[in-house]
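Worksheet: the structure to be examined is printed underneath.
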Amino acid sequence: MLKVLNIVGARPNFMKIAPIYAEMKRRESEFLPLIVHTGQHYDAAMSDSFFVDLGMPTPDVHLNVGSASHAVQTAKIMMEFEPIVLGQQPDWVLVVGDVNSTIACALVCAKLGVKVAHVEAGLRSRDRTMPEEVNRILTDAISDLLLTPSPDGDENLKAEGIPESKIKLVGNVMIDSLLRNLKIAESSQVRENLEVAGKDYAVLTLHRPSNVDEKEVFSGLLESLLAISERLPIVFPAHPRTQSRIEEFGFAEKVANSNIKLIEPLGYLDFMRLYSGAKLVLTDSGGLQEETTALGIPCLTLRENTERPITIEMGTNILVGTNPEKIKQTAFEVLADTNFTAHAKIPPLWDGKTAERICDALLV
Ligand code: UD1
């Protein structure tokens, strides 16, 4: 029986751990899974509601770390997590994605000689100004098992000198959660509540520091989004960081008087119900590039690079950058192109069975 500490910290972690935890629970003669929440995200909207929507139990351990600078947050997670590992003596610690909780917990284990498995390994944006890229490279360098979502991940890891024996292509576990919850999300009334049911609309998310922390950049993006919203109303569930910047930079009134509907962050099921009905998604998120590819929804990624190139090569994603003119122009082209998604495919192993393959890989 393998004792596994499953680490969650921030919003994009919950939908990756949920199917893995459920699979471990199903195979109870093989696994003893525990959930450790670092507390990197702590709001009801950014954390608690996801546990409810995804049917996850209250975490077995909560480190209550909260927000702080990157150094302080990472250090605090390490300090709180080390005694947990020493006390629990797990066979594996499983980390997902690229947030500060991922590298902090992996580093604790590497120093203690406890085995770490990294889910979503090998993704690279090649942009080291992105905090997540630093977290990805470092976590992969010290993990014992690298579970990749797509073949580009395997290639990236091999190019960095990681032995092939540590790498296993398992597919995209977020798609397990997506496929499992799509039907359940149909009971959400979010489209009705936002008055977009049966109508054409776009969905926008924006929270990368590089997009929202500088007034000039954010202002340029907003101009293009306001223009797009004249053609197609936009619903914009805004991350706490983004909400703060909108206030701070004095954009609130302009947005309030536009066709951009600014709302609080949504829970997992409400958000799925919302984006699954959209004509177009505009985003700088990592996960949403994948979710739109899985559902065949056109997606414009408002970034200069992506660690998820397969969503462009095979799926419905376009890396449009942050130039306001280009964003506007591309959005209008995509909206006019009725054939845009015709040739898009779902990447191999994005089939809802990734959690099973992850569990199998841990047993080897
Ligand atoms: C983190 C991840 C990012 C991920 C994002 C998803 C890192 C380096 N970044 O970024 O990869 O895409 O989560 O949301 O780990 N805040 C709240 N309530 C919360 C959490 C945060 O109000 O529950 C506010 C705080 O003011 C905080 C700010 O949001 O200072 C930023 O939060 P933080 O977790 O530091 O980084 P994110 O920008 O959320």
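Every number for a ligand or one of its atoms is a count from 1 in the order of the listing. Computation of the quantities below employed the complete heavy-atom set of this structure, encompassing side-chain atoms and omitting hydrogens, waters and symmetry-equivalent molecules.
Cation-pi geometry between R231 and F332 is satisfied (NZ or CZ under 6.0 Å from the ring centre, within 45° of the ring normal).
One distance of note links CG of L169 with OG of S150; it measures 7.5 Å at 0.5 Å rounding.
The two residues R241 and H207 have their closest heavy-atom pair at CD-O, 3.2 Å. Counting all heavy atoms, side chain and backbone alike, N100 lies closest to Q40 at N-OE1, 3.7 Å. Nearest heavy atom pair, residue I7 against residue S101, reads CG2-O, 4.4 Å. The shortest non-hydrogen separation linking L54 to S177 is CD2-OG, 3.9 Å. Between E264 and P237, the shortest heavy-atom distance links the atoms O-CB, 3.7 Å.
Comparing A10, P131, S67, G66 by heavy-atom distance to atom 21 (C) of ligand 1, the nearest is S67. When the heavy-atom distances from atom 1 (C) of ligand 1 to H41, R11, H207 are ranked, the shortest goes to H41. Of the candidates P240, P265, G286, it is P240 that places a heavy atom closest to atom 24 (C) of ligand 1. When the options M46, R241, M130 are ranked by their closest heavy atom to atom 38 (O) of ligand 1, first place goes to R241.
Nearest protein neighbour of atom 2 (C) of ligand 1, counting heavy atoms only, is V99 CG1, 3.7 Å. Looking only at heavy atoms of the protein, atom 6 (C) of ligand 1 is closest to P12 CD, 3.5 Å. Among protein heavy atoms, atom 18 (N) of ligand 1 sits closest to D43 OD2, 2.9 Å. Here the heavy atom of the protein found nearest to atom 29 (O) of ligand 1 is H239 CE1, 3.8 Å. Nearest protein heavy-atom neighbour of atom 8 (C) of ligand 1: N100 OD1, 3.3 Å. Looking at atom 16 (N) of ligand 1, its nearest protein heavy atom turns out to be Y42 OH, 3.6 Å.
Contacts between E132 and ligand 1 below 4.0 angstrom, taking non-hydrogen atoms only, involve the side chain exclusively. Of the heavy atoms in S101, none comes closer than 4.0 Å to ligand 1. In R208, the part holding a heavy atom less than 4.0 Å from any atom of ligand 1 is the side chain.
Listed by number with element, the atoms of ligand 1 under 4.0 Å from a non-hydrogen atom of H70 are 8 (C).
Ligand 1 lies nowhere less than 4.0 angstrom from a heavy atom belonging to S47.
A salt bridge is defined here as a Lys NZ or Arg NE, NH1 or NH2 lying under 4.0 Å from an Asp or Glu carboxylate O, and K16 with D176 fails to meet this definition. Salt bridge present: R124 and E160 bring a charged side-chain N and a carboxylate O closer than 4.0 Å.
Proximity of the aromatic rings of F218 and F251 is defined here by a centroid distance below 6.0 angstrom, and this criterion is met.
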